[in-house]
Amino acid sequence: MNILITGGTGFIGSNLARLLVQNTNYQIICLDNNITGSKENISGLSNYKNFKYIEEDICNKINIDVDLIFNLACPASPPKYQEHSFKTLDTCYLGLKNLLDLAKSKKARIFHASTSEIYGDPLEHPQKETYYGNTNIFGPRSCYDEGKRIAETLIYEYMNKLNVDARIGRIFNTYGPYMDKKDGRVISNFINQALNNEDITIYGKGDQTRSFCYIEDLINIISLIAFKKELIDKPLNIGNNREFSIMDIAKIIYKKINPKSKIIHKQMPINDPKIRQPDLSSVKKIFGWEPKIQLEKGIDITIDYFRNKSKSI
Ligand code: UDP
């Protein structure tokens, strides 16, 4: 079986590649343009016979023999997708369209990484898959939020008119080893700030909430969705439903690393969602799946990862 992972050098892609290369005999092809990913994330995999890396952009037509595609290609942190806004839009539509055409021509299945951002600043809480969302179509987050929404619509058409076997996971906030320490997301920011004796930057008052999933749990449910034989005809929320305020997250992290850290408040980004928590009843019903790793444990492993990484530089 040939498996293509696009976004293969990114945070989720490289963790998924490692899991599949080390635990299966499938041929794993990681493809990335490295706009936000890094080859360093897959450096340990090049010795494996069942691993291959291709530097390429999914916005270009790709012709590879594949049975299963994981589409994890797209800048995903707010500062990065805003910096690469045109590429983000192209990746969400043109890039995905290329992969759907590839899936169609090779009769391959495709798993697509959607996002909780399609719910925008939600007016329903927790967010069920049936909620249509509250997104701004004309703002700095729109390239990602609306890009990911049109991506789901494109998949709907390929599933219904062209019989492509596609599955959609709406990924909620995720953290863990192989995050890019400079990509601006909250957990990597707070850990690296505390490790470097820098101020902890809370945007706004810190009363906005998020629900954080440890990467191992996330790639576990992504795999269950992608490898399930029976069709799945609807998008599924995936993540962890334990909700924390950003202030709580800051306190948990700095107490573990540097209790003397100072918190400073910065301006709240435009259209930053105030609350977020997935309703996970669909994945629980289909797979009997629930996340296992508690935030405190996942944070400890992530702190160790960044500590070791800074030592090795
Ligand atoms: N945030 C923060 N300080 C930081 C980075 C992020 O207070 O240094 C906040 C951000 O405003 C948001 C939340 O943490 O409310 C999660 O941000 P992140 O960029 O990790 O992901 P998002 O859920 O916004 O995509």
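Just the heavy atoms: all of them, side chains too, but no hydrogens, waters or symmetry mates, feed the values below.
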Taking 4.0 angstrom as the limit, do Glu157 and Lys97 come out as a salt bridge? no
State whether the side chain of Ser85 and the backbone N or O of Tyr81 hold a donor-acceptor pair below 3.5 Å, judged by distance alone. no
Hey, are Asn192 and Lys181 close enough side-chain-wise for a donor-acceptor pair under 3.5 Å? no
Approximate separation, where rounding is to 0.5 Å, of His84 NE2 and Leu89 CG: 13.0 Å
Asn98 side chain vs Cys59 backbone, donor-acceptor pair below 3.5 Å: yes
Would you call Asp183 and Arg185 a salt bridge, taking side-chain N to carboxylate O under 4.0 Å as the test? yes
Who passes salt bridge (charged side-chain N to carboxylate O under 4.0 Å, His left out) against Lys274, sequence neighbours left out? Asp121
Answer yes or no: is there a donor N or O on one side and an acceptor on the other, between the side chain of Asn15 and the main chain of Pro177, under 3.5 Å? yes
Between the side chain of Asn50 and the main-chain N/O of Tyr26, is any donor-acceptor distance below 3.5 Å? yes
Could you walk me through whether Tyr53 and Ile42 pass side chain to side chain contact (heavy atoms under 4.5 Å, CB included), step by step? CA-CA 9 Å; Tyr53 166 69; Ile42 52 158; 3.6 Å; yes
Side-chain heavy-atom pair Ile270, Met268 within 4.5 angstrom cut-off: no
Measure the shortest side-chain to side-chain distance between Tyr254 and Ile263 over non-hydrogen atoms and say whether it is less than 4.5 angstrom. yes
Quick check against the 3.5 Å criterion: does Asn271 have a side-chain atom that pairs as donor or acceptor with the backbone of Asn136? no
Residues Asn163 and Tyr158: side-chain donor-acceptor under 3.5 angstrom: no
Centre of Phe51's six-membered ring, under 6.0 Å away, within 45 degrees of the axis: is that where NZ or CZ of Arg18 sits? no
With no hydrogens and no angle check, just 3.5 Å: does a side-chain donor-acceptor pair link Gln193 and Thr201? yes
Keeping the roles fixed (side chain from Thr9, backbone from Ser38), state whether a donor-acceptor pair exists under 3.5 Å. yes
Pair Asp248, Ser245: side-chain N/O donor-acceptor within cut-off below 3.5 Å: yes
Would you check if the side chain of Asn237 reaches a backbone N or O of Gln127 as a donor-acceptor pair within less than 3.5 Å? yes
Mind checking whether Tyr119 and Phe172 have parallel, tilted or perpendicular rings, split at 30° and 60°? tilted
Just by distance, no angles: are the side chains of Glu129 and Tyr131 close enough, under 3.5 Å, to form a donor-acceptor pair? no
Show the numbers, then the answer: is there a salt bridge (Lys or Arg N to Asp or Glu O under 4.0 Å) between Lys61 and Asp101? CA-CA 9 Å; Lys61 289 261 175 220; Asp101 287 336; 3.4 Å; yes
Heavy-atom distance under 4.5 Å between the side chains of Glu296 and Lys256, does that happen here? yes
Pair Phe70-Leu16, side chain to side chain contact (heavy atoms under 4.5 Å, CB included): steps then yes or no: CA-CA 9 Å; Phe70 288 89; Leu16 178 68; 3.5 Å; yes
Tell me whether Lys39 is salt-bridged to Asp32, with the criterion being a basic N under 4.0 Å from an acidic carboxylate O. no
Around atom CD1 of Ile137, are there more than 12 heavy atoms of other residues, nucleotides or ligands at under 6.0 Å? no
Check the angle between the aromatic planes of Phe212 and Tyr175 and answer parallel, tilted or perpendicular using the 30° and 60° thresholds. perpendicular
Would you mind writing out the side-chain donor-acceptor pairs for residues 226-236 within the sub-3.5 Å range, not counting sequence neighbours?
| from | atom 1 | to | atom 2 | distance (Å) |
| --- | --- | --- | --- | --- |
| Lys228 | NZ | Glu230 | OE1 | 3.2 |

Any luck finding a side-chain donor-acceptor pair between Asn197 and Asn258 under 3.5 Å? yes
Is atom CG of Asn25 surrounded by more than 12 heavy atoms (other residues, nucleotides or ligands) closer than 6.0 Å? no
Strictly by modelled atom types, are Tyr203 and Gln267 linked by a side-chain donor-acceptor pair under 3.5 Å? no
Under 4.0 Å between a Lys/Arg side-chain N and an Asp/Glu carboxylate O for Lys106 and Asp65? yes
With distance as the sole test, does Asp67 use its side chain to make a donor-acceptor pair with the main-chain N or O of Asn2 at under 3.5 Å? yes
Assess, by modelled atom type and distance only, whether the side chains of Asn60 and Glu56 contain a donor and an acceptor separated by less than 3.5 Å. yes
If only side-chain N and O atoms count, and only distance matters, is there a donor-acceptor pair under 3.5 Å linking Arg276 with Asn173? yes
Can you find a heavy atom in the side chain of Met247 that is under 4.5 Å from one in the side chain of Ile202? yes
Check: Ile168 main-chain N/O paired with His112 side-chain donor or acceptor under 3.5 Å: no
Trp289 and Asp217: side chain donor to acceptor below 3.5 Å: no
Should Arg170 and Glu152 count as an ion pair when the cut-off is N to O under 4.0 Å? yes
Listed partners of Ser211 passing side-chain contact (heavy atoms from CB on, under 4.5 Å), at least two apart: Glu243, Gln277, Pro278
So which heavy atom on Thr88 is nearest to which on Cys74, and how close? CG2-SG, 3.9 Å
Can you tell me if Asn71 and Thr6 form a side-chain donor-acceptor pair at under 3.5 Å? yes
